[in-house]
Amino acid sequence: MSEHLSFPKEKIKILLFEGIHESAVDSFQAQGYTEVERLTTALSGDELTAALDGVYMVGVRSRTHLTREVLEAANRLMAVGCFCIGTNQVDLRAAAERGIPVFNAPHSNTRSVAELVIAEMVMLLRGLGDKNTAAHQGRWLKSAKGAYELRGKTLGIVGYGHIGSQVSILAEAMGMRVLYVDVLPKLPMGNAVQLDSLEDLLAQSDFVSLHVPQDPATVNLIDAARLGQMRAGSYLINASRGTVVDVDALADSLRQGHLAGAAIDVFPREPASLEQPFESPLQGLSNVILTPHIGGSTQEAQRNIGREVASKLTAYSDQGGSVGAVNFPELSLAPHQDAHRLLHIHRNQPGVLAAINRALAATEVNILGQHLQTTPEIGYVVTDVDRACADLREELASLPGTLRFRVLY
Ligand code: NAI
């Protein structure tokens, strides 16, 4: 693959911060990138700027802040990988303005969340949280009262995306009947049934599990009125985002005995660090499982994140493919066999594509393929041509609006 790059892959310096999983290093090396340094810590300020000198691709988690100043000083930086879900530790706009795509791993922990939901349903139906606490305290709550099997119960899934559909498959394997709602028509897994209304789902379900994104439409999606529409004695599970449930209303519903229990992994206000205390109106209520936003926190998820982000970075470096970039036009590109690939990143302003093609026409290269994708700010044109056109490089790199120009051959 190294012949596809304008210089050998082993010269592409990659720096990974914050103990990113070894799977990332393995993935880079498998693709021929050997110049990979992995640090266990985060850096900041001048130390971070110095460390990024000569680095082409950087991997961060949540504690390394790639600010505008840091990005501007990173003289070789070509792409950023956030080996996590969130990307707000990176100034995405500043990165885009320098033609630097930022990638993350939004779905590597899908299965981990789905498994937690299944475990929680069993725990809630058997009162395991409370029985465990009692046993630790020396009390022996041996009783079948209020304890049930999962088999035959109805699960209502709100949001049938990556996680919701995985929960659906696992729940059916446990013998459950699965209903779901989504804002889009979604292909059912197994025998699951999509309903038209959330109200119907709430009225029919023994468990309601939330798997929607955080957006204005999902804030307090489950409020006092919706909790009232849930079946008496049913259970609520939220491992999506804390804003989706009105936790005060949930606490009321649990106290009044309308809901029989809940498992909540995400909260409207979560401690920013391990040292800060955690407070919630749900504390102290019976049959309520509270977990510290660990739905996606498993070793497998960390390993998958390492692989997923490393593969997005190498796809971008090797082919120019930018699928999964959060701040940059997304292009899915096949390998450029027997072609030279010109990658032109520019401000999204009129006339750049025409100017690129005028320059290409003047040299009489044969264009084998061309792809354009834009965001409101950035344009990304990838052109495959049949021969090297070294004479063109300077011209294309200096067209008005150009942010970055790269050739793969
Ligand atoms: P996804 O984007 O694959 O699926 C979300 C689904 O919700 C989509 O099918 C979408 O059409 C649907 N949807 C959007 N608005 C809706 C609405 N108002 N009503 C009904 N459906 C709606 O997302 P994914 O990966 O399944 O994640 C789901 C949630 O889980 C997200 O909020 C994510 O942040 C959270 N999450 C939590 C983790 C944890 O540690 N607890 C870990 C990973 C994700």
Side-chain angles (χ1 to χ4, degrees), residues 85-86 106 109-125 128-129 150 153-168 170-171 176 178-183 198-199 201-231 233-256 258-271 278-298:
I85 317 287
N109 53 14
T110 295
R111 179 64 179 229
S112 304
V113 181
E115 286 192 10
L116 182 72
V117 170
I118 300 296
E120 288 177 338
M121 287 195 287
V122 177
M123 290 180 73
L124 289 169
L125 274 185
L128 288 193
L150 208 51
K153 304 297 179 294
T154 300
L155 167 64
I157 296 173
V158 182
Y160 207 67
H162 287 80
I163 298 172
S165 55
Q166 281 283 318
V167 171
S168 175
L170 297 178
M176 299 186 83
V178 178
L179 308 173
Y180 65 93
V181 290
D182 200 289
V183 283
L198 177 57
E199 286 68 28
L201 178 136
L202 298 176
Q204 292 188 47
S205 301
D206 299 303
F207 285 90
V208 172
S209 192
L210 306 173
H211 300 289
V212 290
Q214 174 172 328
D215 65 25
T218 63
V219 172
N220 286 342
L221 182 69
I222 302 299
D223 58 8
R226 294 251 161 80
L227 288 164
Q229 289 160 357
M230 287 177 66
R231 296 175 74 164
S234 64
Y235 303 85
L236 180 70
I237 299 180
N238 185 18
S240 61
R241 282 293 177 258
T243 51
V244 179
V245 175
D246 177 343
V247 281
D248 291 306
L250 174 60
D252 284 345
S253 179
L254 288 158
R255 248 183 251 111
Q256 289 159 12
H258 180 62
L259 290 198
I264 307 294
D265 186 46
V266 288
F267 302 86
R269 277 187 308 281
E270 296 180 2
F278 165 63
E279 287 172 8
S280 167
L282 300 170
Q283 284 164 327
L285 296 172
S286 69
N287 212 17
V288 173
I289 299 166
L290 304 180
T291 47
H293 201 148
I294 41 79
S297 305
T298 63

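Every heavy atom of this structure was used, including side-chain atoms; hydrogens, water molecules and symmetry mates were not. The residues of the chain are indexed from 1 along the displayed sequence.
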So, [X] side chain and [Y] main chain: donor-acceptor pair closer than 3.5 Å or not?
X: Asn287; Y: Leu124; value: yes
X: Gln283; Y: Ser280; value: yes
X: Thr243; Y: Val219; value: no

Minimum-distance pair of heavy atoms, taken over all atoms of [X] and [Y]:
X: Val212; Y: Ser240; result: O-CB, 3.4 Å
X: Gly296; Y: Ser112; result: CA-CB, 4.0 Å
X: Thr110; Y: His162; result: CG2-O, 3.3 Å
X: Met176; Y: Thr154; result: CE-C, 4.3 Å
X: Val178; Y: Ser168; result: CG1-OG, 3.7 Å
X: Ser205; Y: Ser234; result: O-CB, 3.6 Å

Inspect the contact between Arg226 and Asp223 and indicate whether a charged nitrogen and a carboxylate oxygen are less than 4.0 angstrom apart. no
Assess the residue pair Leu198 and Leu221 against the criterion (side chain to side chain contact (heavy atoms under 4.5 Å, CB included)); give the C-alpha distance rounded to whole Å, side-chain angles, the decisive distance to 0.1 Å, and a yes or no. CA-CA 10 Å; Leu198 177 57; Leu221 182 69; 4.2 Å; yes
Answer whether the closest heavy-atom distance between the side chains of [X] and [Y] falls below 4.5 Å.
X: Val113; Y: Leu116; value: no
X: Val117; Y: His211; value: yes
X: Val167; Y: Leu155; value: yes
X: Ile157; Y: Leu201; value: no
X: Val266; Y: Asn238; value: yes
X: His293; Y: Arg241; value: yes
X: Glu120; Y: Thr291; value: yes
X: His258; Y: Leu227; value: no

Would you give the length of the straight line joining atom [atom1] of [X] to atom [atom2] of [Y], rounded to the nearest 0.5 angstrom?
X: Leu150; Y: Phe207; atom1: CG; atom2: CZ; result: 5.5 Å
X: Leu202; Y: Ile222; atom1: CG; atom2: CD1; result: 5.5 Å
X: Leu285; Y: Leu254; atom1: CG; atom2: CG; result: 6.0 Å

Leu250 and Ile264: side chain to side chain contact (heavy atoms under 4.5 Å, CB included), yes or no, with the steps? CA-CA 10 Å; Leu250 174 60; Ile264 307 294; 3.8 Å; yes
Met121 vs Lys153, test: side chain to side chain contact (heavy atoms under 4.5 Å, CB included). Steps then yes/no. CA-CA 10 Å; Met121 287 195 287; Lys153 304 297 179 294; over 6 Å; no
What's the verdict on side chain to side chain contact (heavy atoms under 4.5 Å, CB included) for Ile237 and Asp265, showing C-alpha distance, side-chain angles and the deciding distance? CA-CA 8 Å; Ile237 299 180; Asp265 186 46; over 6 Å; no
